*Asks:* 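Once you've had a glance at the structure underneath, I'll fire off some questions.
So you know, we letter chains A, B, ... as the sequences are listed, proteins then strands, and number each from 1. From a predicted model like this one, the values you see are computed outputs, not experimental measurements.
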4 protein chains.
Amino acid sequence: MSDLADLTARMRAFTDERDWGQFHDLKSLTLALTGEVGEVAELVQWLPDSAARTVSDERLRERLGEELADVLLYLVRLADVAGIDLADEAAKKLERNESRFPADGHRGVAPDRH
Amino acid sequence: MSDLADLTARMRAFTDERDWGQFHDLKSLTLALTGEVGEVAELVQWLPDSAARTVSDERLRERLGEELADVLLYLVRLADVAGIDLADEAAKKLERNESRFPADGHRGVAPDRH
Amino acid sequence: MSDLADLTARMRAFTDERDWGQFHDLKSLTLALTGEVGEVAELVQWLPDSAARTVSDERLRERLGEELADVLLYLVRLADVAGIDLADEAAKKLERNESRFPADGHRGVAPDRH
Amino acid sequence: MSDLADLTARMRAFTDERDWGQFHDLKSLTLALTGEVGEVAELVQWLPDSAARTVSDERLRERLGEELADVLLYLVRLADVAGIDLADEAAKKLERNESRFPADGHRGVAPDRH
């Protein structure tokens with residue numbers, strides 16, 4: 001079984017066993033996702049620029065690993081509640097990005113967002 | 001190959017082909033993740049409570065699928081840059097949550113965060 | 001002095017006295033803002049819908065007050081670093097919203113975001 | 001009248017005139033705040049480090065001004081719904097920060113968050 005499908009199934013079982021499905025509407029789960037991304041932000045916010053390309057501090061990597069895991073778990077749960085196949089959507093989005101930003105025209109140029 | 005490892009490899013190739021690695025430090029990628037979670041929030045923010053447990057509007061599901069995919073792609077990329085095995089961390093975190101919130105003592109009770 | 005200008009001046013002095021201006025670039029401050037909004041999200045994420053219109057729990061109001069204050073302080077600091085007059089921008093935005101959403105055509109209808 | 005109190009009163013009138021109070025529960029407003037912070041993040045995410053201390057691009061400043069205004073307007077509205085005096089809370093928080101981080105012991109040292 002793929003790892004995203006496996007995590008989805010395990011999160012669903014975890015939720016059902018605790019009768020937590022009642023809390024897992026789209027808005028609450030998006031807030032939970034926001035909370036976890038906020039914890040990632042707190043870990044990296046004051047890193048000096050020069051240190052921000054690798055993680056040499058083992059304690060920081062450990063903390064980041066935990067917070068990124070929390071983001072993934074809520075993301076997987078949110079997709080499951082919304083009836084979305086996350087692996088499939090990500091693969092399709094990557095393909096769209098590959099067409100939208102051809103390597104030749106975008107080499108070394110940050111995508112403009114504004 | 002597992003789907004998270006596959007997405008990680010494809011995002012790394014996508015980045016390298018465009019020479020975008022220079023933009024992908026921890027802080028910039030966390031900001032990109034924040035931007036994508038913000039787009040998810042905008043999609044669900046005004047949903048009525050009663051509608052917030054399922055997605056019956058096919059257009060909303062499609063939009064949500066795209067935004068959740070964006071969140072996953074940046075998450076996978078951030079973990080890769082930080083040297084974190086996301087699938088492994090998520091599996092470990094789920095196990096810790098299973099011990100931390102035994103089903104018997106937490107059935108139907110939302111975890112207290114404050 | 002208006003309260004936003006006063007907070008801006010005090011945050012600038014607070015930062016200067018600690019020589020923290022070196023950390024206060026736009027990206028770091030936006031990450032700090034993200035972290036604080038994440039803490040607000042964690043406080044409200046599991047609230048039942050029926051409880052989510054008022055705050056009767058005095059402890060929750062206190063915690064929310066602290067986190068909303070943190071959001072405001074980083075917001076004010078970010079605007080100052082970016083050379084933005086926040087009070088003026090907010091007043092102009094409110095006026096634009098008043099024209100963009102005339103009361104007569106939008107009564108009781110949530111603004112569509114997707 | 002202070003500017004935060006003035007914005008609060010105007011946002012309340014704006015909401016009432018459109019009968020939008022029904023959408024303004026704590027969770028929905030926190031999601032709206034998340035969406036706006038996400039838009040700020042999208043504006044700054046790919047800025048080069050060297051450019052991230054000032055805003056010389058007038059178009060970027062304009063866009064940032066609009067998004068920071070949106071953050072403030074939702075923040076003010078959220079505080080109003082929660083029965084929180086935002087100006088008072090921010091002043092108290094700043095005083096607590098002044099005691100918690102005495103200038104002498106924290107000069108030039110980023111606050112540790114992990």
Side-chain angles (χ1 to χ4, degrees), chain A residues 2-5 7 10-11 14 17-20 22-28 30 33-35 37 40-41 44-45 47 49 52-55 61 64-66 68-73 75-76 78-79 81-87 89-94 97-98 101 103 106-108 110 113, chain B residues 2-5 7 10-11 14 17-20 22-28 30 33-35 37 40-41 44-45 47 49 52-55 61 64-66 68-73 75-76 78-79 81-87 89-94 97-98 101 103 106-108 110 113:
Chain A
S2 80
D3 37 19
L4 284 170
L7 285 175
R10 287 181 62 192
M11 278 298 281
F14 178 86
E17 282 158 20
R18 283 152 190 81
D19 194 18
W20 283 0
Q22 60 186 305
F23 306 119
H24 286 189
D25 56 281
L26 302 181
K27 294 169 87 165
S28 301
T30 301
L33 192 63
T34 300
V37 170
V40 176
V44 304
Q45 65 194 7
L47 285 181
D49 301 333
R53 267 158 222 287
T54 54
V55 181
R61 192 200 316 279
L64 265 177
E66 286 181 43
L68 296 183
D70 283 333
V71 174
L72 181 59
L73 293 176
L75 179 65
V76 151
L78 180 52
V81 168
I84 286 165
D85 182 330
L86 193 56
E89 291 291 334
K92 284 194 294 187
K93 189 61 184 267
L94 231 169
N97 286 345
E98 282 160 350
F101 304 106
H106 292 82
R107 196 162 287 119
R113 302 299 298 259
Chain B
S2 82
D3 37 19
L4 285 170
L7 285 175
R10 287 180 62 192
M11 279 297 283
F14 178 86
E17 282 158 20
R18 285 154 190 78
D19 193 18
W20 283 359
Q22 59 186 307
F23 306 119
H24 285 190
D25 58 279
L26 301 182
K27 295 170 87 164
S28 301
T30 301
L33 191 63
T34 300
V37 169
V40 176
V44 304
Q45 65 194 6
L47 285 182
D49 300 333
R53 267 158 221 288
T54 54
V55 181
R61 192 200 317 280
L64 264 177
E66 286 181 42
L68 296 184
D70 283 334
V71 174
L72 181 59
L73 294 176
L75 180 64
V76 152
L78 180 52
V81 169
I84 286 165
D85 181 330
L86 193 55
E89 290 291 334
K92 285 195 293 187
K93 189 60 183 268
L94 231 169
N97 285 345
E98 281 160 351
F101 303 107
H106 293 82
R107 195 161 287 119
R113 301 297 299 258

*Asks:* Taking every non-hydrogen pair under 4.5 Å, which of L78(B), L86(B), L75(B), T34(B) racks up the most with chain A?
*Replies:* L75(B)

*Asks:* For residues L7(B) and A90(A), report the shortest heavy-atom separation together with the two atoms involved.
*Replies:* CD1-CB, 3.9 Å

*Asks:* What part of F14(A) gets within 4.5 angstrom of chain B, counting heavy atoms only: side chain, backbone, both, or neither?
*Replies:* side chain

*Asks:* Is a donor on one side and an acceptor on the other found under 3.5 Å between the side chain of R18(A) and the backbone of F101(B)?
*Replies:* yes

*Asks:* Please evaluate residues E98(B) and E17(A) with respect to the criterion side chain to side chain contact (heavy atoms under 4.5 Å, CB included), reporting the C-alpha separation (whole Å), side-chain torsions for both, the decisive distance (0.1 Å), and the verdict.
*Replies:* CA-CA 10 Å; E98(B) 281 160 351; E17(A) 282 158 20; 5.7 Å; no

*Asks:* Where does L73(B) contact chain A at under 4.5 Å (heavy atoms): side chain, backbone, both or neither?
*Replies:* side chain

*Asks:* Starting at CD of E89(B), measure out to CG of L68(A) and round the result to the nearest 0.5 Å.
*Replies:* 8.0 Å

*Asks:* Just to verify, what does S28(B) make a side-chain hydrogen bond (donor to acceptor under 3.5 Å, both in side chains) with, not counting sequence neighbours?
*Replies:* D25(B), K27(C)

*Asks:* Taking only residues two or more places apart in sequence, or in another chain, which ones meet D85(B) in a side chain to side chain contact (heavy atoms under 4.5 Å, CB included)?
*Replies:* A87(B), D88(B)

*Asks:* Verify, without hydrogens or angle tests, whether R61(B) (side chain) and A82(A) (backbone) share a donor-acceptor contact under 3.5 angstrom.
*Replies:* yes

*Asks:* What is the distance from atom CG of L94(A) to atom CG of L72(B), rounded to the nearest 0.5 Å?
*Replies:* 9.5 Å

*Asks:* Has D3(B) got a side-chain atom pairing as donor or acceptor with L4(A)'s backbone, closer than 3.5 angstrom?
*Replies:* yes

*Asks:* Determine the option with the most heavy-atom pairs under 4.5 angstrom with chain B, choosing from G35(A), A69(A), A41(A).
*Replies:* A69(A)

*Asks:* Which is it for V71(A) and V37(B) under the side chain to side chain contact (heavy atoms under 4.5 Å, CB included) test, yes or no, and what are the steps along the way?
*Replies:* CA-CA 10 Å; V71(A) 174; V37(B) 169; 6.0 Å; no

*Asks:* Is any side-chain heavy atom of I84(B) closer than 4.5 Å to a side-chain heavy atom of V55(A)?
*Replies:* no

